[in-house]
Amino acid sequence: MTDFRNFMAGWLQTNAGKLIWLVLVLVVAFVANHIVSRLLRKALDKSQIPSASIFINLMRVVIWTAAVAMVLQPVFGINPTTLVTALGIGGVAISLGLKDTIANVIGGFGLMLGRVIQPGDLVTIQGTTGTVVDITWRHSMIETRGGDRMVIPNSILNTAALTKLTPSSEGMVTLEFTAKVSSDPAEVSRDILARVTQATADMALEGQPPLVKFTGFSPYGMTGQVLLFVRPGVLLSTARDRAARAIATPAPDYLVEDGGSAHNL
C-alpha cells in the first residue's frame, strides 16, 4: 500500500503540469462552448440566416476539435500531424461507411444556405404536411397539426420535391355537398355560409371566412364545396366534422337526400 501511494505521489508530481494543462483546456473549451452557442443563437435570431441547430453544432465541433488538438502533444505525447495522417489513410474506408451521414450533413447545409426551407415554414413532403421545427446536422424535423413529429434525412429533403404552403392553404378544409337542381344557388350559398361560419367561429383563421364554390353538376343535382380555413393548432378533421354537423342539423330542404329519389328535382 505504501509503495502504491509513493508511486501515485511520484506520478502526480511528474505529470502535474500536464494535468493542470488538461483541466485548464477542458474548462476553457466548456465555457467557450456555452458562451459561443448562446451568442451564435442570438445572432442567428437577429439575422437573415435561419436559426437552426446545424450551425451551433458545427461551432461546437470546431471548439472541441481545437481543444483536443491543444492537449494531444503536451499531455498525451501524440503529434497532431501524425494523427491527421493516420486518419487520412483510413478516411476512404470511413467515408464509404459514413456516406449516408456525409450526404445528410452536406444536404443540411444546402438546405440552410440555399434557404430552401427554414424553421417555421409550412411544407408538404412525402404526403406529410406540417411545420419545420428544426434542421440538424443529419435530419430535419416536421411537426404536424396533431403534434406528431416526422424525422426526414436531409439527403432526402435535398433531392425530393416539396411544397411550401401559406397559412391559408395549409389550414384549408374541403367539404363537398350536392344541392337540388331546383334550388337557388345564391340562397344555398348564404344558408351554408351562415351555418358554417357560426359553427366554426372559434377555430377559423383570422381574416379568412368560409367560402362556397359550385363545381358542376351530377346526375343528382348541383355539386359544390365548402372551403374552411382553420387556424393553427386545430385538427382539420375536427373542423370538417363541426361544419358537416352544422350543415346537416337541421337538415335543409335544398340538400340531396337520396341519389335516386325524385324529390331531388
Side-chain angles (χ1 to χ4, degrees), residues 45 48 50-52 115-135 140-152 157 160-218 220-259 264:
D45 291 339
Q48 296 289 331
S51 178
R115 300 182 64 83
V116 178
I117 59 172
Q118 55 184 314
D121 283 349
L122 299 171
V123 299
T124 294
I125 182 169
Q126 294 185 333
T128 299
T129 299
T131 304
V132 179
V133 178
D134 193 13
I135 301 176
S140 298
M141 189 173 297
I142 297 177
E143 183 173 359
T144 65
R145 278 180 173 262
D148 298 330
R149 292 197 171 189
M150 182 177 182
V151 178
I152 304 176
L157 271 177
L162 60 87
T163 304
K164 297 181 70 172
L165 308 173
T166 62
S168 58
S169 62
E170 186 272 336
M172 186 175 70
V173 176
T174 302
L175 184 65
E176 298 181 351
F177 67 89
T178 302
K180 298 176 182 179
V181 294
S182 59
S183 58
D184 182 7
E187 184 62 30
V188 172
S189 296
R190 284 193 293 268
D191 185 66
I192 291 179
L193 284 177
R195 291 168 178 252
V196 172
T197 300
Q198 181 178 3
T200 61
D202 60 334
M203 59 179 61
L205 184 66
E206 185 178 357
Q208 292 286 346
L211 299 174
V212 173
K213 301 288 185 180
F214 287 95
T215 58
F217 297 90
S218 73
Y220 311 116
M222 296 183 295
T223 58
Q225 293 180 336
V226 181
L227 305 181
L228 304 175
F229 303 95
V230 185
R231 62 178 174 81
V234 178
L235 292 177
L236 301 184
S237 58
T238 302
R240 185 181 291 108
D241 174 77
R242 183 89 61 89
R245 291 173 183 269
I247 295 175
T249 307
D253 58 0
Y254 56 77
L255 285 184
V256 171
E257 299 176 0
D258 183 359
N264 295 328

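In this chain, residues are counted from 1 in sequence order. Keep in mind the model is a prediction, meaning the values are calculated, not measured.
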| query | According to the ring pair (Phe, Tyr, Trp, His ring centres under 6.0 Å) rule, which pairs have a member within residues 223-246, sequence neighbours left out? | reply | none
| said: Ile192 vs Val226, test: side-chain contact (heavy atoms from CB on, under 4.5 Å). Steps then yes/no. | reply: CA-CA 8 Å; Ile192 291 179; Val226 181; 3.6 Å; yes
| query | How far apart are the closest heavy atoms of Val230 and Val234, and which atoms are they? | reply | CG1-CB, 3.4 Å
| How long is the span from the CE atom in Met172 to the CG atom in Leu228, to the nearest 0.5 Å? | 10.0 Å
| Nearest-0.5 Å distance that lies between atom OG1 in Thr174 and atom CD in Glu176 | 7.5 Å
| request: Check whether any side-chain heavy atom of Arg195 sits under 4.5 Å from a side-chain heavy atom of Pro252, and report yes or no. | output: yes
| task | Show your reasoning for whether side-chain contact (heavy atoms from CB on, under 4.5 Å) applies to Thr131 and Ile142. | result | CA-CA 5 Å; Thr131 304; Ile142 297 177; 5.9 Å; no
| request: Output all residues satisfying side-chain contact (heavy atoms from CB on, under 4.5 Å) with Ala204, sequence neighbours left out; order by chain, then residue number. | output: none
| field | Pairing residues for Phe214 by the ring-ring contact (aromatic ring centres under 6.0 Å, His included) criterion, not counting sequence neighbours | value | Phe177
| note | Of all heavy-atom pairs linking Leu205 and Ser168, the shortest is CD2-CA, 3.8 Å
| request: For residues Val173 and Ala239, report the shortest heavy-atom separation together with the two atoms involved. | output: CG2-CB, 4.4 Å
| Who passes side chain to side chain donor-acceptor pair (under 3.5 Å) against Thr249, sequence neighbours left out? | none
| request: Compute whether any side-chain donor of one residue and acceptor of the other, for Ser218 and Thr223, lie under 3.5 angstrom apart. | output: no
| query | Which residue pairs pass the salt bridge (charged side-chain N to carboxylate O under 4.0 Å, His left out) test when at least one of the two sits in residues 121-133, sequence neighbours left out? | reply | Asp121-Lys164
| said: To the closest 0.5 Å, what do you measure between OG (Ser140) and CD (Gln118)? | reply: 12.0 Å
| field | Flag, side chain of Ser189 to backbone of Pro185, donor-acceptor distance under 3.5 Å | value | yes
| note | Contacts of Thr129 meeting side-chain contact (heavy atoms from CB on, under 4.5 Å) (sequence neighbours excluded), chain-then-number -> Thr124, Leu165, Glu170
| How many angstroms lie between OG1 in Thr163 and CG in Leu122, if you round to the nearest 0.5 Å? | 12.0 Å
| Between Leu175 and Ile247, is a side-chain contact (heavy atoms from CB on, under 4.5 Å) present by the stated rule, with each step listed? | CA-CA 10 Å; Leu175 184 65; Ile247 295 175; 3.8 Å; yes
| When you look at Thr178 and Leu255, which way does the side-chain contact (heavy atoms from CB on, under 4.5 Å) test go after all the steps? | CA-CA 6 Å; Thr178 302; Leu255 285 184; over 6 Å; no
| request: Check whether any side-chain heavy atom of Thr238 sits under 4.5 Å from a side-chain heavy atom of Met203, and report yes or no. | output: yes
| remark: Paired with Ile125, the side chain to side chain contact (heavy atoms under 4.5 Å, CB included) test is passed by just one of Leu162, Ile117, Val132, namely Leu162
| message | Test of understanding: with side chain to side chain donor-acceptor pair (under 3.5 Å), list the residues that count as partners of Ser169, not counting sequence neighbours. | response | Thr166
| message | Using the side chain to side chain donor-acceptor pair (under 3.5 Å) criterion, which residues pair with Asp241? Sequence neighbours excluded. | response | Arg245
| For Ala186, all residues meeting side-chain contact (heavy atoms from CB on, under 4.5 Å), sequence neighbours excluded | Asp184, Arg190
| task | Can you sort out the partners of Arg231 under salt bridge (charged side-chain N to carboxylate O under 4.0 Å, His left out), two or more places apart, ordered by chain and number? | result | none
| said: Using every non-hydrogen atom in the two residues, find where Arg145 and Gly171 come nearest and quote the distance to one decimal. | reply: NH2-CA, 3.4 Å
| note | Contacts of Asp202 meeting side chain to side chain donor-acceptor pair (under 3.5 Å) (sequence neighbours excluded), chain-then-number -> Arg242
| field | Side-chain donor or acceptor of Lys180 paired with backbone N/O of Tyr220 under 3.5 Å | value | no
| message | Going by side-chain contact (heavy atoms from CB on, under 4.5 Å), name the residues that satisfy it together with Glu143, two or more places apart in sequence or in a different chain. | response | Val133, Arg149
